[in-house]
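Everything below concerns the one structure shown next.
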Amino acid sequence: MVDRSKVSHLNNFDPNEPYLVFRGRITEMHSITTGRSVRLEATFCDGTGSMTLVWFQGINWIKDYIKPNIIYNVMGKPTMFGSTLQIAHPDIEAAPASDQALPHAFLPVYHSTEKAKAKGITTKAIARMTENLLAVMPPYLPETLPQNIIAKYHLMGRTQALRNMHYPETIELWQQAVYREKFEELFYHQLDFQYSRTSRLRSSIGRIFGVVGEKFNQFYNTKLPFPLTGAQKRVIKEIRADMRSGRQMNRLLQGDVGSGKTLVALMTILIALDNNCQACLMAPTEILATQHFLNFQKMLDGLDIRVELLVGSIKASQKRKIKQQLAEGQIDILIGTHALIEKDVIFKQLGYVVIDEQHRFGVEQRAKLWAKAVVPPHILVMTATPIPRTLAMTLYADLDCSIIDELPPGRQPIQTTHGTDAHRLLLFNFMRQQIELGRQVYVVYPLINESEKSDLKDLMDGYESLSRSFPMPQYQLSIVHGQMPAEAKAYEMDRFKRGETNIMVSTTVIEVGVDVPNATVMVIENAERFGLSQLHQLRGRVGRGGGQSYCILMTKDELSRTSQQRIQTMCATTDGFAIAEADLKLRGPGDLQGLQQSGMLEMKLADLVDDEPLVCATRDEIHAILEIDPELQLPENQMLLQHISINKLLPHWDKIS
Ligand code: ADP
Ligand code: MG
């Protein structure tokens, strides 16, 4: 929005403003030919200074249009070109005789791209279109928000809002118009999700897991390796209540890295088994699935429970056997990757689905798993990426939430430091000291794009140089990256896990979930290339065994401002939620790790960071409406009912079965 009544002066204007208005005369104009290209340059003076206006296109038209001794409004953003100010392709119009005669006090500014501009779709052209459209618009458009809501929140009416979005009389009116439009956007977003959730709750039947039986109790009494934390107990209780309710559970379990989500998954899976159901656990990578599998086998050792692993890399004959036994009900717990979603994976009696590190899975994949049972299974979605409050409200409005907000006792906060190449000798010495103490070290390289050769080269060079500084046989190194065969990866992971190697050099394949308590040092190379959440995930690989752990963020010497802020945030806090908030502020919701593909965060106007109060208000309002009128039957809610775009993303069981 530009205030056309606010004219800037060339000797004193705000260079940060994207669009300014100047008023003055064109004192000189000439064409310049260089090679085959011609441009038109004009000198513009406003009495306080002068600047050059440049046109590369439409030259003849401009030459005709511009007359001497007429006052023009010239609009755009001046930039320094050499020692003179200039605007290329400014918006230009003859200034009216007096300010009062201006057609609109404000001139709208629209987003345009270089490409669109080249085709004549400039902000001014768009403004002409909206102006024309508004002129032919009927005086009153049908309202799209219920009257009671408009009254309650003092919102501007729709027609008025549309006009004032583009051509307001005052800034206040413009703000009110934008407020109303944002309100409407968030309001209906919340309605879609919350309605979908409440109608699912109402219509969905769920298996009733009435008993906590032998398997759970046996594990609890004889196998539990440590007392549960208070938060783990609370979450298990919440899940038990859902499982008994007769409705399908859809629960999101948030817990920072290392908070002990796996144990919650295991124990609630035992409840499902106690109620004669099968369960499955889906993880985003083979390494992680394999690790869960080994972990479950170890923890359930001696109990009469059959756990199997289904991942892409196992032999076809073995796969066939597993699928058959699964269908016959001989397998109790199936752990795997995306392989679990394949059509021919059929359970005899699937009652419970746990999805680990959910941000890696799209909503559609979730839905596919759900469709594997006649009666919908209970669903637990676990994520270690703390999601800022507003995002959780928006993104997971259809899920119930549990939070593990307590780490197992005895964990010392991880010490994080920042280093550059100048510190490399110190770093190597420190690694040697830790290895001498019997500890293990991760060295991680970014591999943003698995197919990018230069990334892999970084890793290989790093490995070479580490091999020289940490020679065999005194030191043993492991290396793991995405292009290795799954078996080789598993083998190397295993050696590291058993403590046979001292240093694990890897790409981010180890990012999620890998659990080696004896590892106490995490070195992250080219740390400036990682996002905050990812750094936090990586750091979470250490500090799991109770020993003091360290994270060293290695970067090049010169960092951009955001990189600097990211590194500083990491050094200052280990609180996952604080980091997620910072990430959201630095990068915006669209870039948050794993959320990109969700497509659910693409608000047209609302900003999930800045508009948090509005997000909360609309959420609470919808909640209150659905509490009183869950099926939207009351007359005042008819508009809402019509507005629901039957949720495209989440399956409704009544429709599937
Ligand atoms: P995450 O939530 O990141 O998945 P894990 O489930 O991998 O965390 O647990 C991290 C580590 O903490 C594991 O080594 C696990 O054995 C241990 N752990 C889990 N619960 C407890 C507890 N109540 N007391 C002590 N250690 C625990
Ligand atoms: Mg985990």
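Note that ligands are numbered from 1 as they come in the structure, with each ligand's atoms numbered from 1 the same way. All values below come from the heavy atoms of this structure, side chains included, with hydrogens, waters and symmetry mates left out.
Not a single heavy atom of Gly540 sits less than 4.0 Å from an atom of ligand 1. Residue Ser259 places a heavy atom less than 4.0 Å from ligand 1. Not a single heavy atom of Lys233 sits less than 4.0 Å from an atom of ligand 1.
Comparing Arg411, Arg544, Lys261 by heavy-atom distance to atom 7 (O) of ligand 1, the nearest is Arg544. Within the set Gly543, Pro408, Gly258, the minimum heavy-atom distance to atom 3 (O) of ligand 1 is found for Gly258.
No donor-acceptor distance shorter than 3.5 angstrom exists from the side chain of Ser469 to the backbone of Ser467, with no hydrogens or angles considered. One N or O on the side chain of Gln440 and one on the backbone of Thr501 form a donor-acceptor pair closer than 3.5 Å.
Proximity of the aromatic rings of Tyr550 and Phe430 is defined here by a centroid distance below 6.0 angstrom, and this criterion is met.
Counting the atoms of ligand 1 from 1 in the order shown, those under 4.0 Å from a heavy atom of Thr229 are 23 (N). Per-residue contacts place Thr262 under 4.0 angstrom from the following atoms of ligand 1 (heavy atoms of the residue considered): 4 (O), 5 (P), 6 (O), 7 (O). Each of the following atoms of ligand 1 lies closer than 4.0 Å to a heavy atom of Pro227: 22 (C), 23 (N), 24 (N). When each atom of ligand 1 is checked for a heavy atom of Leu228 under 4.0 Å away, the hits are 23 (N).
With a heavy-atom cut-off of 4.0 Å, Gln232 touches ligand 1 through its side chain alone.
By the 30° and 60° cut-offs, the orientation of the rings of Tyr220 relative to Phe216 is parallel. Below 30°, between 30° and 60°, or above 60°: for Tyr442 and Phe496 the angle between ring planes is between 30° and 60°, a tilted geometry.
Put simply, CG on Leu273 and CD on Gln349 are 12.0 Å apart, with the number rounded to the nearest 0.5 Å.
A salt bridge is defined here as a Lys NZ or Arg NE, NH1 or NH2 lying under 4.0 Å from an Asp or Glu carboxylate O, and Glu308 with Arg306 meets this definition.
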